[in-house]
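Report on the following structure.
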2 protein chains.
Amino acid sequence: MPVKVRIADVAAAAGVSTATVSRALSSPDVVGAETRARVMAAVQATGYRINAAARDLRQQRARSILVLAPNLANTFFSRIIAAVQEVAGQAGLAVQISDSRTDPDLLQSLGHNGRADGILLLDGALPPDLVRGWRLPVVQVCEWNDAYEVPSLRIDNAAAARMAVAHLRDLGHTHLLHVAGPADNVLGQTRERGFVDAARAFGLGATVLPGDFTMASGARSARAWAEMPDRPSAAFTASDECAFGFISECNRMGFAVPGDVSVIGFDDVDFAGHFIPALTTIHQPRARLGRQAAERLVSALGASERLTHEQVIIDPNLMIRASTAPRT
Amino acid sequence: MPVKVRIADVAAAAGVSTATVSRALSSPDVVGAETRARVMAAVQATGYRINAAARDLRQQRARSILVLAPNLANTFFSRIIAAVQEVAGQAGLAVQISDSRTDPDLLQSLGHNGRADGILLLDGALPPDLVRGWRLPVVQVCEWNDAYEVPSLRIDNAAAARMAVAHLRDLGHTHLLHVAGPADNVLGQTRERGFVDAARAFGLGATVLPGDFTMASGARSARAWAEMPDRPSAAFTASDECAFGFISECNRMGFAVPGDVSVIGFDDVDFAGHFIPALTTIHQPRARLGRQAAERLVSALGASERLTHEQVIIDPNLMIRASTAPRT
DNA sequence: CTGAAAGCGCTTACAG
DNA sequence: CTGAAAGCGCTTACAG
């Protein structure tokens with residue numbers, strides 16, 4: 001069997017034209033039964049596999065979507081990407097991944113190089129001109145940026161912060177700490193604003209420490225918290241990672257969670273329920289977000305639809321576990 | 001500016017042939033200075049971007065590598081994949097990801113469809129015929145399967161198990177538990193055999209419970225352990241996840257780690273050092289594994305080299321943290 | 001140094 | 001129902 005079998009080889013073997021082979025494969029019903037059988041036999045005999053690259057060039061599509069994320073090593077994305085791959089795969093689309101924090105020129109070319117039909121964007125901090133310059137459908141997930149004027153799908157981050165604050169108030173806490181996300185990140189900003197607004201609305205004391213979603217920033221905040229003269233009895237962190245860092249450092253310093261301080265995280269990563277103590281946190285339905293965003297993109301591709309600036313906001317869920325307790 | 005600019009548009013604008021535009025872009029030195037300037041100006045003016053799909057078809061390569069993993073949602077892979085993407089990106093290659101547990105027919109076509117130049121395989125349980133049927137360079141990482149006859153890169157899993165056993169022996173433990181990985185997985189098998197052999201060599205008691213790398217299997221094993229008449233004072237689990245599940249369940253049942261039982265995991269996932277207690281575990285250098293495997297593949301692609309069945313085995317590291325302690 | 005032409009491997013109007 | 005031919009957007013021997 002030759003290493004490389006082209007459609008012409010099959011055509012020769014079956015004694016038909018390449019056009020007929022192509023049709024027998026892509027729209028069998030349009031080909032005579034006897035001819036089709038001969039073609040199929042030739043396909044079997046030669047071990048022919050269609051060359052997708054050639055077909056795609058001819059059909060002017062890539063049958064591929066590009067997932068662009070700010071940090072592919074971030075485990076938060078893995079479930080989202082897995083869900084995207086599943087949906088795309090079922091639609092016959094390949095999934096390409098790339099880091100969105102790379103050379104802007106290269107980034108720009110991604111929307112013009114003919115290798116992707118659409119882009120799933122997990123980053124809200126790219127230059128708007130860059131995103132608008134792409135001549136490809138774009139759907140944004142988790143993060144968002146109104147200047148892009150693309151559809152976006154996410155949970156209601158402000159409402160989530162409100163739920164966290166309400167839960168702590170219900171437990172009797174009157175002075176709350178927030179370890180914020182990065183100041184230049186839309187998620188960090190929105191969660192912080194949600195926290196501050198809710199605390200004010202409930203008439204609670206509110207202190208905000210800067211952070212960046214990492215365990216290190218959580219640990220740092222725990223040390224800052226320990227030094228405060230009037231320590232808040234509860235903390236809401238902008239991410240689970242940050243909460244883990246905060247709690248670990250509390251433990252190291254001899255403080256108990258939730259005994260000395262209640263802690264609420266954000267994301268509900270796989271690990272949150274198995275941390276000790278099991279982490280009370282805001283659930284982000286990552287598989288659902290990935291699936292739904294991919295479905296939106298796939299359906300837009302199928303319909304050659306021009307995407308609008310629609311915003312889909314999903315209600316958050318608070319997972320109440322063991323890291324929060326009534327104020328003592 | 002037209003939405004779609006082709007090389008012919010640039011050629012027309014510059015008053016040259018498409019061949020000259022192509023050359024001005026890919027090998028500028030071969031084109032006259034004045035001509036080159038005209039072409040570049042035309043490229044600027046039209047906003048031309050090369051169509052990679054067309055170039056790749058003509059050059060008979062895909063400029064893309066495919067990463068195939070058994071479970072893309074598994075956070076263990078994220079760092080590996082990120083490293084792969086980084087190396088590939090620097091070499092001008094795109095990265096495509098796909099689930100290796102999918103329709104075999106589709107899987108087979110991945111090696112023949114012209115959309116990837118090489119495959120990075122994170123799965124050792126695919127049918128050997130399938131893998132050998134791919135007419136593309138394949139490099140395997142973490143898992144391996146000699147029947148594939150492809151290069152493989154991994155840590156020495158048996159030696160790692162030996163190190164874990166030696167550490168526990170040094171702490172005075174004489175009866176050890178192993179929570180195994182899946183029986184049909186080469187990693188699970190190798191770690192278990194390493195454990196059993198080392199325990200025998202050291203003259204230690206050894207009990208093995210079945211598992212599958214998951215937290216659930218760790219928790220299940222903890223319950224089984226608690227019921228044992230003569231409980232081992234130390235456990236070595238086939239994965240960190242499993243260790244987390246084991247420890248959490250111990251806590252739930254009122255046992256202390258490492259007070260009542262020392263625990264060693266495997267992988268050193270991001271989280272291991274921040275678990276409470278910080279987990280003693282075998283470190284897998286995931287970024288290095290991903291980087292090195294990608295480099296191997298990229299260099300093979302560049303040299304059109306036929307890959308051999310070379311095996312690169314990296315020495316493991318034991319990270320001693322707080323989940324192991326002397327036998328009391 | 002530059003251009004005309006062929007060709008990568010397909011698909012798809014257009015005829016018949 | 002089938003085939004000849006054009007063409008997707010490039011690159012690259014081959015001439016000149």
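Letters go in sequence order (proteins before strands), and every chain restarts at 1. All values derive from a computational prediction rather than experimental measurement.
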**Request:** Please check if any side-chain donor atom of A/Asn157 sits under 3.5 Å from a side-chain acceptor atom of A/Thr190, or the reverse.
**Result:** no
**Request:** Report yes or no: do B/Thr308 and B/Arg306 form a side-chain donor-acceptor pair below 3.5 Å?
**Result:** no
**Asked** Under a 3.5 Å cut-off on both pairing distances, which runs of 3 or more consecutive Watson-Crick or G-U pairs involve DNA chain D?
**Response** C:1-3 with D:14-16, C:5-12 with D:5-12, C:14-16 with D:1-3
**Rounded distance (Å) that lies between atom C1' of C/dG9 and atom NZ of A/Lys4** = 9 Å
**Request:** Could you check which of C/dC10, C/dT12, C/dA6 has an atom nearest any side-chain atom of A/Ile50?
**Result:** C/dC10
**Fill in**
Between CD1 of A/Ile7 and P of C/dG9 the distance, given in whole Å, is 12 Å
**Fill in**
Judged by nearest nucleotide, the residue sitting upstream toward the 5' end of DNA chain D, B/Arg49 or B/Arg23, is B/Arg49
**More than 12 heavy atoms of other groups within 6.0 Å of B/Glu143 CD** = yes
**Message:** Closest approach to the side chain of B/Ala19, judged atom by atom: which nucleotide of C/dC10, D/dC10, C/dA4 is it?
**Reply:** C/dA4
**Item:** A/Arg286 with A/Asp270: basic N within carboxylate O range, under 4.0 Å
**Value:** yes
**Request:** Select one nucleotide: of D/dC10, D/dG3, C/dC10, the one nearest the side-chain heavy atoms of A/Val16.
**Result:** D/dG3
**Asked** More 5' along DNA chain C: B/Gln60 or B/Val31, using each one's nearest nucleotide?
**Response** B/Val31
**Request:** Measure the distance from CG on B/Leu57 to P on C/dT11 and round it to the nearest whole Å.
**Result:** 12 Å
**Message:** Does a side-chain N or O of A/Thr20 approach OP1 or OP2 of D/dG3 to a distance below 4.0 Å, or not?
**Reply:** yes
**Request:** Take the protein atom CZ of A/Arg55 and the nucleotide atom C1' of D/dC8, then report the distance between them rounded to whole Å.
**Result:** 14 Å
**Request:** May I have the distance from B/His112 (atom NE2) to C/dC8 (atom P), rounded to whole angstrom?
**Result:** 20 Å
**Message:** Keeping B/Thr102 on the side-chain end and B/Asp99 on the backbone end, is there a donor-acceptor pair under 3.5 Å?
**Reply:** no
**Asked** So which nucleotide from D/dC10, D/dT11, C/dT11 ends up closest to the side chain of B/Gln59?
**Response** D/dT11
**Asked** Which whole-number value in Å describes the distance from B/Arg58 CZ to C/dC10 P?
**Response** 16 Å
**Carboxylate-amine/guanidinium contact B/Asp29 B/Arg36, below 4.0 Å** = no
**Asked** Given B/Arg61 and B/Asp56, is the salt bridge (charged side-chain N to carboxylate O under 4.0 Å, His left out) satisfied, shown in steps?
**Response** CA-CA 5 Å; B/Arg61 53 227 210 84; B/Asp56 294 346; 6.0 Å; no
**Prompt:** Rounded to the Å, how far apart are B/Asn51 CG and D/dG9 C1'?
**Reply:** 6 Å
**Item:** Integer-rounded Å distance: D/dC1 P and A/Glu34 CD
**Value:** 13 Å
**Prompt:** When rounded to the nearest Å, what value does the distance between C1' atoms of D/dT12 and D/dG16 take?
**Reply:** 16 Å
**Prompt:** If you find the nucleotide of DNA chain C closest to B/Ala54 and the one closest to B/Thr18, which residue's nucleotide is nearer the 5' end?
**Reply:** B/Thr18
